[in-house]
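All ligand and atom numbering here is 1-based and tracks the order in the structure.
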Amino acid sequence: MTMKSPDTPSDRIRLTPEQVLAVGNAQRCLYIEAAPGSGKTTVSAQRFGLHRFTHTADHRAVVAVSFTRSATEEIRNRVLRYWGPSALAWPHRVATLDALLCDVLAHLLQIGALQWPGGHRELEVLDTWRSRLPTASRKLKPVLALNGTRIIAVSVQQSRAGSHPAPDDFLAAVDKGQCTHDNVREVLQLALQQPRTRASVASYLGSTIRSLIIDEIYDANDLDLRLIHLAVDTGIDLTLVGDPWQALYGFRGARPEQVSQLITHHRFARRDLHTSFRWSTSTQQTLAQRLRHGESTTLPIGRVQDADVVLARQWRTLWNTDTHVLPLAIKPLTGQFQGAACTLLLNEMTERSLGIQAVFLNDALITLGITNRDVLEQLRPHLHHTLEALAGTDSVRSIWRDFVNVLITELPVKSLITHDRVPLSGLQSLRAKSQVRHDRLVPGLTCHQAKGREWDAVGVRLEESDVAALHTGLVLQVEEHRSLYVALTRARHLTIAL
Ligand SMILES: Nc1ncnc2c1ncn2[C@@H]1O[C@H](COP(=O)(O)OP(=O)(O)OP(=O)(O)O)[C@@H](O)[C@H]1O
């Protein structure tokens, strides 16, 4: 079935019967469980349009949310492609869940249900303090808390040191109406425990949204799930889309087991998308089916040169594997500045040899105070020169010293730059890769970074425990097994063990 006459023939998508049943399902609360490549994004975007263009007398919004900017952008693009720009006429929107949380907090401030220091009702919400305030490794973490309905800044002692701003700087920024997305979450987490504020949030959601579609629901944490429970109670149409086999963010607070409870508790109707558009060989299709059914499997052994990408659980494993693998992130333990400087060098190498960016480039740019990409362009000849030196035989200490001198001259953030700590292991790792012919390098990624992506041939660096797990069959409840599942379902043609 073609859902809508699109603008160009190439936009025409003929939905499969199972996709049609998911898109058009009339239940108020619907859970769509989707295997890799089975059209999760396609179905979310189609259902968005269907809800958007029916019940148009109801002026409340149809909203689709996902957890990352890239996933959100993908849904937005699909909605535009299938349904045209009017699908996203205000108030209908595709946004990150964080953006929805900001809307909720802004509303609570507007109606006076909560009070921000200095009386601010509009906030500037940052991704990280590092882009605005100096941060240092410390155990004291400044956070926001509630005193009744007043928002206050406090400091909490953490068991491990993290990169945080100084409490006084934090307080001054909050007084100016600035905060981070984490701070928004801190406030809402506490606010939703207060019955009156919770009622205000429920009333806001129920009066402004008529249909909420949540992609990658298994990435939801406690606060997200609280909000979703509230949304169900207000009578909003709710569509949850996800795959429990691809739930990887337990370490960031995701609660996949609570998602299952929510679905059962509110008696969500369920539709499954089984048919994957990813597999172009029966080998890959069979592998995916066996993994999902917990059946015993083995992988063919292959060479790095046969793969388009190499996946492993840890960046460290990728750096310690075959020299032809070029991991897309480097994390020396020597310090924030050293990590950011090594990331710039790695990025120069990945862009030149593979045409792709290093994974944490943006974080590195923020740490180094580089807000303008022109500065990175100016640094390029120096980065190139440093990599050439690394490919030679000069000592890494003297190469580092020269490189730091360049950064001191070129960069705005000088306070972070310390000469005393040389990221020896990071530079030696880069040296090893700079000595390999560029056209022989294959990108290396962690399973987390590979989620949502696909390649023709994927090499997976298995650990002993992975081989054992594949032999006995994967178990859904074990996060390591799920990350193995994600790695082994990225290939269109072939997955090989390395
Ligand atoms: N009915 C269909 N007919 C043809 N192609 C389709 C159909 N449904 C989805 N596809 C294509 O299959 C690919 C995967 O679809 P989509 O990105 O929606 O899946 P997904 O489940 O979100 O993937 P992932 O598991 O990677 O998150 C896309 O290229 C999409 O255009």
>> Restricting to ring pair (Phe, Tyr, Trp, His ring centres under 6.0 Å), what partner residues turn up for His107, sequence neighbours left out?
In response: Tyr204

> Would you call Ser38 a ligand 1 contact, heavy-atom distance under 4.0 Å?
Replying inline: yes

>> Given 3.5 Å as the limit, does a donor-acceptor pair link the side chain of His92 with the main chain of Val62, or not?
In response: yes

>> Taking side-chain contact (heavy atoms from CB on, under 4.5 Å) as the definition, give me every residue that meets it alongside Thr321, ordered by chain and number, with sequence neighbours left out.
In response: Val325, Arg461

> In ligand 1, which numbered atoms sit nearer than 4.0 Å to a non-hydrogen atom of Leu15?
Replying inline: 1 (N)

>> Return the closest protein heavy atom for atom 2 (C) of ligand 1 as residue, atom name and distance.
In response: Phe277 CZ, 3.2 Å

> Should the pair His229 and His265 be assigned to parallel (<30°), tilted (30 to 60°) or perpendicular (>60°) ring geometry?
Replying inline: perpendicular

>> Side chains of His493 and Ser280: any donor to acceptor distance under 3.5 Å?
In response: yes

> Considering only protein heavy atoms, which is closest to atom 9 (C) of ligand 1, and at what distance to one decimal place?
Replying inline: Thr42 OG1, 3.4 Å

>> Out of all atoms in ligand 1, which are within 4.0 Å of some heavy atom of Arg14? Include the element for each.
In response: 1 (N), 2 (C), 3 (N)

>> Starting from atom 31 (O) of ligand 1, what is the nearest protein heavy atom, named by residue and atom, and what distance separates them?
In response: Ile13 CD1, 4.2 Å

> Judging by distance only, is a nitrogen or oxygen of Lys40 under 3.5 angstrom from one on ligand 1?
Replying inline: yes

> Under 30°, 30 to 60°, or over 60°: which ring-plane class applies to Tyr249 and His448, parallel, tilted or perpendicular?
Replying inline: tilted

>> Counting only heavy atoms closer than 4.0 Å, does ligand 1 sit against the backbone of Gln19, its side chain, both, or neither?
In response: side chain

> For atom NE2 of His438, is the number of surrounding heavy atoms from other residues, nucleotides or ligands below 6.0 Å larger than 12?
Replying inline: yes

>> Between Glu18 (side chain only) and Thr275 (backbone N and O only), is there a donor and an acceptor less than 3.5 Å apart?
In response: yes

> Any idea which protein heavy atom is nearest atom 22 (O) of ligand 1, and the distance to it?
Replying inline: Thr41 OG1, 2.6 Å

>> Within ligand 1, which atoms have a heavy atom of Gly452 less than 4.0 Å away?
In response: 26 (O)

> Side chain, backbone, both or neither: which part of Arg78 has a heavy atom under 4.0 Å from ligand 1?
Replying inline: side chain

>> Distance under 4.0 Å to a non-hydrogen atom of Pro36: what atoms of ligand 1 satisfy this?
In response: 25 (O)

>> I'd like to know if Arg185 pairs up with Asp224 as an ion pair, taking the criterion as any Lys NZ or Arg NE/NH1/NH2 lying under 4.0 Å from an Asp or Glu carboxylate oxygen.
In response: yes

> Heavy-atom contact under 4.0 Å between Arg278 and ligand 1?
Replying inline: yes

>> For Asp272, is there an ion pair with Arg270 - N to carboxylate O distance below 4.0 angstrom?
In response: yes

>> Looking only at protein heavy atoms, which one is nearest to atom 19 (O) of ligand 1, and what is the separation?
In response: Gly39 N, 3.1 Å

>> I'd like to check which ligand 1 atoms, numbered from 1 as shown, lie under 4.0 Å from a non-hydrogen atom of Gly37.
In response: 14 (C), 19 (O), 21 (O), 23 (O), 24 (P), 25 (O)

